[in-house]
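Only one structure is covered here, and it is reproduced in the block below.
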Protein chains: 2
Amino acid sequence: MADTPLGEFEQVVLLAIFRLGENAYGVTIREEIAAHTDRDPSPGALYTTLARMEEKGLVKSRLGDPTPDRGGRAKRFVKITPSGLDAVARAQRSYQNLLRGISLPGLAHG
Amino acid sequence: MADTPLGEFEQVVLLAIFRLGENAYGVTIREEIAAHTDRDPSPGALYTTLARMEEKGLVKSRLGDPTPDRGGRAKRFVKITPSGLDAVARAQRSYQNLLRGISLPGLAHG
DNA sequence: GGGATTAGAACTACTATGTAGGACTAATGG
DNA sequence: CCATTAGTCCTACATAGTAGTTCTAATCCC
């Protein structure tokens with residue numbers, strides 16, 4: 001299953017997790033996505049996708065310790081697996097490849 | 001319906017059409033995708049997606065003249081609409097935005 | 001110390017997108 | 001006029017995207 005084609009939203013979630021590093025869990029991932037894209041996914045949308053990706057081995061999760069806060073329930077921290085990292089890189093590469101030589105009107109190069 | 005979030009494959013198809021310019025129709029689009037990505041979509045996969053995108057106003061199609069070839073059936077040429085172009089550009093931008101500041105292991109920059 | 005309150009996760013249900021394979025169609029050529 | 005061929009379209013199903021709601025476990029306050 002090394003060549004699972006990543007879905008659009010899966011990629012967005014993976015990248016958000018990547019950015020967050022050690023502090024990636026449901027709530028922060030959602031915030032990160034909202035901050036860096038035009039999306040604002042519902043909790044359900046995120047957790048469902050997270051669960052599916054874990055099934056496919058793209059991410060791994062571990063339950064953290066409860067924080068000393070009101071409602072400080074234990075967070076489920078998420079981390080990208082090597083296989084997940086590979087999948088993002090691969091997706092990026094083929095995307096980049098398709099873009100090669102194209103200049104899209106209305107899109108700034110960078 | 002200006003903010004339709006483009007799917008992964010939709011984007012690939014759109015970009016292929018863009019590259020092909022005036023000569024974009026079923027067969028050539030399929031070849032273009034096969035040549036520039038790791039995918040090799042079946043005819044059905046492509047035509048279905050094309051039909052859906054036309055419904056959403058992302059592409060427009062017109063029937064060409066039959067070519068004087070054996071089996072030279074009339075081709076259905078496809079063109080990206082302004083709204084389609086906008087959708088790709090938007091998708092690109094938010095993708096780029098999410099990538100900002102990230103350096104992915106195993107992915108060459110460029 | 002037990003119910004109100006709250007952060008956070010998980011379930012259910014549904015829609016949309018991705019995908020294949022084969023049927024259909026319209027043209028030529030012998 | 002039927003075999004052959006380029007090309008399109010139909011049918012059916014798998015997978016990804018999405019929302020809303022409910023469940024859970026922890027503090028806070030009286």
Cluster overlap A:L46 with A:I17, hydrophobic side-chain contacts below 4.5 Å
yes
Say whether B:K75 and B:T28, considering side chains only, have a donor N or O and an acceptor N or O under 3.5 Å apart.
no
Looking for any heavy atom pair under 4.0 Å, which part of the strands does [X] touch: base, sugar-phosphate only, or nothing?
X	result
B:P41	sugar-phosphate
B:G44	base
A:Y47	base
A:T48	base

Got a sec? Which of residues 23-32 of chain B come in under 4.0 Å of DNA chain D, heavy atoms?
B:Y25, B:G26, B:V27
Using a cut-off of strictly less than 4.0 Å, decide whether [X] has a side-chain nitrogen or oxygen near OP1 or OP2 of [N].
X	N	answer
B:R76	D:dC9	yes
A:R52	D:dG17	no
A:R39	D:dG17	no
B:K56	C:dA16	no
A:K75	D:dA26	no

Return the value, rounded to whole Å, for the distance between atom [atom1] of [X] and atom [atom2] of [N].
X	N	atom1	atom2	result
B:D69	D:dG7	CG	P	8 Å
B:I33	C:dT19	CD1	C1'	12 Å
B:R73	C:dA26	CZ	P	6 Å
A:L50	C:dC11	CG	C1'	15 Å
B:L46	C:dT19	CG	P	11 Å
A:M53	D:dA16	CE	P	11 Å
B:E54	C:dA16	CD	P	19 Å
B:E55	C:dT17	CD	C1'	13 Å

Kindly say whether [Y] contributes a backbone atom to a donor-acceptor pair with the side chain of [X] at under 3.5 angstrom?
X	Y	answer
B:S61	B:F77	no
B:E32	B:I29	no
B:S83	B:L58	no

Show the numbers, then the answer: is there a side chain to side chain contact (heavy atoms under 4.5 Å, CB included) between B:E31 and B:L20?
CA-CA 10 Å; B:E31 286 171 355; B:L20 287 164; over 6 Å; no
Where each residue is assigned the nucleotide of DNA chain D containing its nearest heavy atom, which of A:P66 and A:F9 is assigned the position nearer the 5′ end?
A:F9
Nearest nucleotide by nearest heavy atom, which residue falls closer to the 5' end of DNA chain D, A:T67 or A:D40?
A:D40
Can you identify which nucleotide, out of D:dA16, D:dG17, C:dA20, has its nearest atom closest to the B:S42 side chain?
C:dA20
Where the side chain of A:P43 is defined as all heavy atoms beyond and including C-beta, which of C:dA10, C:dT25, C:dT19 is the nearest nucleotide?
C:dA10
Kindly write out the residues that satisfy side-chain contact (heavy atoms from CB on, under 4.5 Å) with B:D38, not counting sequence neighbours, or none if the list is empty.
none
